[in-house]
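Atom set for the values below is all heavy atoms of this structure, side chains included, hydrogens, waters and symmetry mates excluded. Chain letters run A, B, ... following the sequence lines, proteins first and then strands; every chain starts at 1.
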Number of protein chains: 2
Amino acid sequence: MARNVEFNESEAIQKAMEVFWEKGYNGTSLRDLTDAMKINSSSLYNTIGDKNELYIRCITHYTDLRRKDLQQRMSGKKRAFEILVEYVHDAIKVITDGRNGCMAIKAAFEMGANNGKVKQILKTDSELADQFLTSLISKAMQEGDIPREEEPRLIADFFNSTWTGWYESYILHKDADKIRKMGEYFIRQISK
Amino acid sequence: MARNVEFNESEAIQKAMEVFWEKGYNGTSLRDLTDAMKINSSSLYNTIGDKNELYIRCITHYTDLRRKDLQQRMSGKKRAFEILVEYVHDAIKVITDGRNGCMAIKAAFEMGANNGKVKQILKTDSELADQFLTSLISKAMQEGDIPREEEPRLIADFFNSTWTGWYESYILHKDADKIRKMGEYFIRQISK
DNA sequence: TTTTTTTTGAAACAATCATTTTAGAATAAC
DNA sequence: GTTATTCTAAAATGATTGTTTCAAAAAAAA
């Protein structure tokens, strides 16, 4: 006995995510969002909620995409070291192609300290990436491609950190070659 | 034939910097600023300028402090490797003590892509840190404390990147031990 | 077809935003 | 002490903020 929602919710979330991604939470106005989502603010508040809830949905969507990507990478039958190297190379590609950096990193620095819910989502996302890398490195050690001198978990943490800095470097210097060289250096370092 | 400015400008900039540092550019209102600086907005606009100019002044102040710190570190008569290790340890302390992360990094992710002037200041700051590290690493190689296998510049870039990620890690995980272990790992890696 | 429920679009909302104006207070130079 | 100039405080500015209201439109159930 009622009308249906007209707009496609997941498409709208995708659009909102792109705006938040580019402008950050505080840099984005409700009008920016409703313009991109092509819906009225009343519809937004009816179905999704306020600005903060929408942001949570967007960040969640972003980390969901990442989780799926990691799962796909794990599913193949390649050697762990090969998956690892591929992951590093793809990370470099994403950094040097994209204009907006990584939404999760931007969110961590903008909201991490002040918004508990956002922080929790990002923390879980970070832990997932850590687990992915840790198990890969661990496997690569078993397969003899990485020396066993260091804790896999430590190397995983270290890569995740380094990777964040590559984003900053590319924002400031726009030097793709620099990022590539750091990637090669990292692979060289863990291999020896 | 006129009245003097009542407030201490550099103290006011310091206070403004602290607010921007914590809340970011878009998260800070003019009231936040004038409250912290304890001046009226008309005084602010008369002497310093608008919000954007004030921010530029704050970021510049921040990077000035950093430059002075680096100069001091270089001035001693210690071995380069020792200065380097000290720098890493101090970086870890700053990360795990502070609540707000690094203002330059936050600024890079919030403003870097959209504000040319801010970007330029941060770029110069980053290059300075790179030069500092590059010359230290180079000297440490001459002194036999670091193998000559890699380009000093590359290792410097790599450390600067990693260091950025430590901030993110600490925001999300608040795990000081994790940061310390990554620091030790880095020193171990460049030494071998 | 009518009823009932929900969504939608447009307008309205108060609050806050960055910025400016205005009038008076302060002080250096004369 | 007067004058000239600049500063400060408070209020006003119009624009924009996030959010809500309300009447009309839509459509599923009766």
query = Could you give all pairs that pass the side chain to side chain donor-acceptor pair (under 3.5 Å) test and reach residues 107-119 of chain A, with sequence neighbours left out?
reply =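 As it turns out, the side chain to side chain donor-acceptor pair (under 3.5 Å) pairs with a partner in residues 107-119 of chain A, which skip direct neighbours, are A:Asn26-A:Glu110, A:Asn52-A:Asn115.
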
Show which side-chain atoms of residues 16-24 of chain A pair as donor or acceptor with protein atoms under 3.5 Å away, not counting sequence neighbours.
unit_1, atom_1, unit_2, atom_2, d
A:Glu18, OE2, A:Gln14, NE2, 3.0
A:Trp21, NE1, A:Gly101, O, 2.8

Without placing hydrogens or testing angles, list every side-chain donor-acceptor pair under 3.5 Å for residues 81-89 of chain B, not counting sequence neighbours.
unit_1, atom_1, unit_2, atom_2, d
B:Glu86, OE1, B:Lys78, NZ, 3.3
B:Glu86, OE2, B:Lys78, NZ, 3.2
B:His89, NE2, B:Glu184, OE2, 3.1

request  = Please collect all ring pair (Phe, Tyr, Trp, His ring centres under 6.0 Å) contacts where either partner lies in residues 95-129 of chain A, sequence neighbours excluded, each pair once.
outcome  =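 Passing the test, one end in residues 95-129 of chain A: A:Phe109-B:Phe109.
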
With [X] via salt bridge (charged side-chain N to carboxylate O under 4.0 Å, His left out) - residues at least two apart:
X: B:Arg153; answer: B:Asp130, B:Asp157
X: B:Asp97; answer: none
X: A:Lys38; answer: none
X: A:Asp50; answer: none

query = Taking the six-membered ring of B:Tyr25 as reference, does the NZ or CZ atom of B:Lys106 fall below 6.0 Å from its centre and within a 45° cone about the axis?
reply =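 So B:Lys106 doesn't make the cation-pi contact.
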
key: With A:Tyr185 via ring pair (Phe, Tyr, Trp, His ring centres under 6.0 Å) - residues at least two apart   =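 Once residues adjacent in sequence are excluded, the partners of A:Tyr185 under the ring pair (Phe, Tyr, Trp, His ring centres under 6.0 Å) criterion are B:Phe158.
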
query = What's the CG-P distance between A:Asn40 and C:dT6, to the nearest Å?
reply =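 Going from A:Asn40 (CG) to C:dT6 (P), I get 19 Å.
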
ask   = Separation of A:Asn8 atom CG from C:dT7 atom P, in whole Å?
value =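 Result: 16 Å.
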
request  = Within residues 43-52 of chain A, find the residues that approach DNA chain D with a heavy atom at under 4.0 Å, and present them sorted by residue number.
outcome  =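 Result for residues 43-52 of chain A: A:Tyr45, A:Asp50, A:Lys51, sorted by number.
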
ask   = Of the residues in residues 9-29 of chain B, which ones touch DNA chain C at a heavy-atom distance under 4.0 Å?
value =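 When residues 9-29 of chain B is checked for heavy atoms under 4.0 Å from DNA chain C, the hits, listed by number, are B:Thr28, B:Ser29.
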
task = Note down the inter-axis angle between the two ends of the helix from C:dT1-D:dA30 to C:dA12-D:dT19, five pairs each, to the nearest 10°.
result =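 End axes: 10° apart.
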
query = Which comes earlier along DNA chain D counting from the 5' end, the contact point of B:Phe7 or that of B:Arg31, where each point is its nearest nucleotide?
reply =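 With B:Phe7 and B:Arg31 compared, the 5'-side residue is B:Phe7.
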
